[in-house]
Amino acid sequence: MNQALQLGFRTFINLSSFPVDPRKLGIGRLAPLRGKVMGSKRRSFSNPSSIADQNIDKKLRDAIDNDNYTISDNPILKDIKDDPSKIKAMTIQQLRTALRTAGIPPKGLKRELVSALQSYLAKEIDGESSLLADKQDPSNSDKRISMMMETKSVEDQVQDANSFSKVSEVQQSRRTVKQLQIKGKTVDVNAKIVATEQKKSACASGRMTSLTKKKASSDVDSKYVSAKNRVTLPVNQSEPWTILAHKKPQKGWIAYNPRTMRRSLPIENTKFVKILSWNVNGLRALLKLEGFSAMELAKQENFDVLCLQETKLQEKDVESIKQSLIEGYENSFWTCSNTRLGYSGTAIISRIKPLAVRYGLGISDHDSEGRVVTAEFDSFYLLSVYVPNSGDGLRRLAYRITEWDPSLGNYIKELEKSKPVILTGDLNCAHEEIDIYNPAGNRRSAGFTIEERQSFSTNFLSRGFVDTFRKQNPDVVGYTYWGYRHGARKGWRLDYFLVSEAIADDVHDSFILPDVIGSDHCPIGLVLKL
């Protein structure tokens, strides 16, 4: 289980040649797996920093070059910097005053003002070390000026891809004035605010701007860099999932941020298994995606088992895919739809050889669409499951809640008689209002009907299975699916790791990888101590 990772399809590379054991690489935030848009449902987060022409004159250069300014020069900001816990206790008027002092438009509700001030302080604290470096090397400030002047081409690249993202929840106007305050000097810079709703369409040329990722550990803010212009983009703007996105958020809810909420791997000599699960929305399309880096995913996550859903493979495709797997992951198990070719399909790929493998639920009415693979390991059963969608007009709702869900629930309870069960995959249900961006607008949408949610509780949760992500993060808004009709932040949590109550306390981490691009879903992960 601790051998060097050697997994891949045709795009994977053999990692056995790496001098460092991948287990010791740490959990770094994944590089975005960017590539050509393959279809209307293939998710693509655009470069969210689009900046209009900026009139950077000598006045602005002089202001930026002033390297003596720090946040400590302002008594209001210094006070809350020394004790950030004071921010939430501040009144709306105090928050607005502090934001004006920082040169930030004080607009929005209190939670938005708090978030804006927290983000500003975090950036400013990081920025003080940058200013110190400039003092030691004045050429750094010139580089920043150059980078700002080159951002026009970044906008051009984003517009060429016809993909726009929301820059700020607080800023509503199309054009505003940014104020850069540096030691008493205020310089106005016109900045165009891009469209507030992300718009997605296939690129006419089929090309997307290639981005690279600076090497960083999981506790260090990584940044995206344009390979053409070397323009560094702010982390919070390039990671839309870190900004709370919910139509009616409740008090205490926060956005999921894998950089700060994922847990470090168990201490050395602790036995554990790491499992990833991903609805790939067509495996062949994913592997053909220009710029897709399965190697990066494998290198960074170093998983033991990978569960796939909606592979959309036919039986004739399986052998060629299996032949593509390199040494170390020769254990792979696939099931395909027989009634509708190129539809559904699930798989388990593992570097640990299972004791036994089963396909389906053992009920012919349910087993013709390739929706379940079960692998038995020494201490647990693992299921990769793709639950049927209730469909347009809820045409399969009755089948879903009266036949499929009860049958799956009975099947895993039967397995549980011999050993604990881990059920993972796309379960096609946003169980609670925190699991969907717009609950009120989706009461009769497949995946959020009251019938499906009650069935989820009745057949799984009430029968002793634990939603590991929600147990670990009770007040966290984290999505795993973004439909092609929705923006990059208006998501659903449809993908789960449910485990038997007997091993719930052995779950070390249950996490989401929202920055892995290539499907309309993102991968999820589980670390279980053995």
Side-chain angles (χ1 to χ4, degrees), residues 48-49 71-127 165-181 186 191 193-198 221 234-261 432-442 470 473-479 486-491 493 514:
S49 183
I71 196 172
S72 60
D73 293 336
N74 189 298
I76 298 177
L77 299 179
K78 182 179 183 301
D79 183 49
I80 55 179
K81 173 203 166 187
D82 294 337
D83 186 5
S85 62
K86 293 181 179 180
I87 295 178
K88 290 187 178 180
M90 295 171 68
T91 65
I92 292 179
Q93 188 59 42
Q94 290 171 332
L95 288 166
R96 286 176 175 165
T97 300
L99 287 169
R100 288 192 187 98
T101 302
I104 301 173
K107 298 179 182 179
L109 302 176
K110 181 175 179 178
R111 64 175 178 272
E112 295 168 330
L113 299 177
V114 169
S115 177
L117 188 53
Q118 289 173 333
S119 297
Y120 169 79
L121 287 175
K123 291 180 185 177
E124 287 299 311
I125 292 170
D126 290 341
S165 296
K166 188 178 296 183
V167 170
S168 170
E169 287 291 317
V170 183
Q171 296 171 319
Q172 300 295 326
S173 63
R174 294 282 180 171
R175 182 172 293 276
T176 188
V177 176
K178 286 186 179 179
Q179 290 187 324
L180 176 63
Q181 289 193 339
T186 300
I193 305 304
V194 299
T196 57
E197 196 69 34
Q198 184 187 52
D221 290 348
V235 171
N236 68 330
Q237 292 184 7
S238 61
E239 299 176 339
W241 48 86
T242 63
I243 303 174
L244 182 63
H246 198 280
K247 199 78 169 180
K248 296 186 69 174
Q250 302 300 308
K251 183 178 180 181
W253 286 5
I254 58 176
Y256 181 68
N257 186 344
R259 289 186 295 104
T260 59
M261 296 182 180
E432 300 174 339
E433 292 199 352
I434 193 174
D435 297 318
I436 183 172
Y437 170 78
N438 183 11
N442 286 283
R470 188 55 63 212
N473 306 286
D475 298 315
V476 173
V477 177
Y479 302 132
H486 311 116
R489 301 176 59 233
K490 297 181 179 180
R493 187 171 74 97

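In this text, all values refer to a predicted model and were calculated from it rather than measured experimentally.
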Heavy-atom closest pair, residues [X] and [Y]:
X      : Y      : answer
Tyr479 : Tyr437 : OH-CA, 3.2 Å
Ala255 : Ile243 : CB-C, 3.7 Å
Arg470 : Asp435 : NH2-OD1, 2.6 Å
Ala116 : Ile104 : O-CD1, 4.4 Å
Lys247 : Asn438 : CG-OD1, 3.8 Å

Nearest-0.5 Å distance, [atom1] of residue [X] to [atom2] of residue [Y]:
X      : Y      : atom1 : atom2 : answer
Ile87  : Leu113 : CD1   : CG    : 11.5 Å
Glu433 : Asn442 : CD    : CG    : 11.0 Å
Met90  : Leu99  : CE    : CG    : 8.0 Å
Leu95  : Lys110 : CG    : NZ    : 6.5 Å
Leu244 : Tyr256 : CG    : OH    : 15.0 Å
Asn473 : Arg493 : CG    : CZ    : 9.0 Å

Less than 4.5 Å apart, side chain to side chain, heavy atoms only: is that true for Pro439 and His246? yes
